[in-house]
Amino acid sequence: MRIATRPFTTADVPACGRILYEAFLSIATRHHFPPDFPDAESGVAVLGLLSALPGCTGLVAERDGQIIGSNFISDRGTVHGVGPISVAPTAQGSGAGRRMMEDLLAHSADAPAIRLIQDAFNTVSMPLYASLGFDVREPLVLVEGTPHG
């Protein structure tokens, strides 16, 4: 079962948008956090916008001809930005995330810096990013609720 990557096309938006939703829902649910996307349609909408954005390159990961994930990198500025990366819950741990990251990092090899945002509770992907040379720089916290008073 070999993982292959190819350029993202608009035809990939529905399948990859569903995977984006399912992947983020899976990790958030495991850690008792609210999902990043309320439904699959919002995942589809996000990837539809990214795929049409100038200066944004997307990749699709496939295993045995089946789409199992996607990732994007924006090279519109000096510092390139990665994400969102998603791998279908049934394919996580297969090497698809690493393969997409390596291919996109090669695409942006001339960038002076590359950034990504990582949910602190997602301890599964943090070692992947560290092994690719990323360093934790700024912890980000989203706090929601109604203040007292």
Side-chain angles (χ1 to χ4, degrees), residues 3-63 67-145:
I3 305 295
T5 62
R6 62 169 175 78
F8 191 99
T9 70
T10 55
D12 298 318
V13 169
C16 290
R18 180 185 45 77
I19 290 170
L20 178 67
Y21 165 71
E22 291 171 356
F24 277 71
L25 177 65
S26 173
I27 191 72
T29 301
R30 268 185 278 166
H31 292 90
H32 307 287
F33 279 89
D36 291 290
F37 304 98
D39 49 41
E41 290 77 22
S42 60
V44 169
V46 166
L47 295 191
L49 290 171
L50 284 175
S51 67
L53 192 63
C56 195
T57 300
L59 287 181
V60 170
E62 294 180 326
R63 180 175 62 195
I67 295 174
I68 59 170
S70 64
N71 196 5
F72 288 83
I73 195 160
S74 171
D75 59 7
R76 294 179 300 146
T78 304
V79 176
H80 296 192
V82 175
I85 182 172
S86 62
V87 176
T90 57
Q92 290 176 3
S94 67
R98 175 174 295 281
R99 177 69 190 273
M100 289 187 290
M101 286 297 297
E102 289 171 345
D103 289 356
L104 284 179
L105 293 175
H107 169 80
S108 287
D110 61 340
I114 299 174
R115 292 188 181 143
L116 61 83
I117 295 176
Q118 162 71 36
D119 287 327
F121 62 81
N122 188 349
T123 57
V124 174
S125 58
M126 190 69 77
L128 166 64
Y129 302 138
S131 74
L132 293 169
F134 286 89
D135 296 315
V136 175
R137 295 285 187 206
E138 301 290 333
L140 299 176
V141 178
L142 170 64
V143 180
E144 293 181 338

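Numbers here simply count residues along the sequence, with the first being 1.
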Could you check whether any side-chain N or O of Asp39 sits under 3.5 Å from a backbone N or O of Glu41, counting only pairs where one atom can act as donor and the other as acceptor? yes

Please find the pair of heavy atoms, one from Pro35 and one from Ala28, that lie closest to each other, and give the distance. CA-CB, 4.1 Å

Please indicate whether Arg6 has more than 12 foreign heavy atoms, meaning atoms of other residues, nucleotides or ligands, lying under 6.0 Å from its CZ. yes

Validation row: Phe8, Val13 side chains within 4.5 angstrom (heavy atoms): yes

From Leu20 atom CG to Ile85 atom CD1, the distance as rounded to the nearest 0.5 Å: 11.0 Å

Grab the two heavy atoms, one from Thr10 and one from Ser51, that are nearest each other, plus how far apart they are. CG2-OG, 4.2 Å

Please report the shortest heavy-atom distance between Val87 and Met100, naming the atom on each side. CG2-CE, 3.8 Å

Side chain to side chain contact (heavy atoms under 4.5 Å, CB included) evaluation trace for Phe121 with His32: CA-CA 10 Å; Phe121 62 81; His32 307 287; over 6 Å; no

Determine whether Thr5 and Asn71 make a side-chain contact, defined as any pair of heavy atoms from C-beta on separated by less than 4.5 Å. no

To the nearest 0.5 Å, atom OG of Ser125 lies from atom CG of Leu116 at 8.5 Å

In this structure, CZ of Arg18 is separated from OG of Ser86 (nearest 0.5 Å) by 10.0 Å

Just wondering, do Asp36 and Ser42 contact through their side chains at under 4.5 Å, heavy atoms? no

What are the two closest heavy atoms between Phe134 and Leu105, and how far apart are they? CZ-CD2, 3.9 Å

Under 4.5 Å between any side-chain heavy atoms of Val136 and Met126, yes or no? yes

Given side chains that start at C-beta, do those of Leu104 and Ile114 come closer than 4.5 Å, heavy atoms only? no

Kindly give the heavy-atom pair with the smallest separation between Ser108 and His80, and that separation in Å. OG-ND1, 2.7 Å

CZ on Arg115 to CD on Glu138, rounded to 0.5 Å: 9.0 Å

Does Arg98, at its CZ atom, have more than 12 non-hydrogen atoms belonging to other residues, nucleotides or ligands within less than 6.0 Å? yes

CA sep, side-chain torsions, deciding dist, call: Asp119, His31, side chain to side chain contact (heavy atoms under 4.5 Å, CB included): CA-CA 11 Å; Asp119 287 327; His31 292 90; over 6 Å; no

Measure the shortest side-chain to side-chain distance between Thr78 and Pro112 over non-hydrogen atoms and say whether it is less than 4.5 angstrom. yes

Do Leu59 and His107 make a side-chain contact, defined as non-hydrogen atoms from C-beta onward lying under 4.5 Å apart? no

Quick check for you: to the nearest 0.5 Å, what is the distance between Ile67 atom CD1 and Asp12 atom CG? 4.5 Å

To check you understand the geometry: which heavy-atom pair defines the closest contact between Gln92 and Ala23, and what is its length? NE2-CB, 3.9 Å

With side chains defined as the heavy atoms from C-beta onward, is the minimum distance between Ile68 and Ile3 less than 4.5 Å? yes

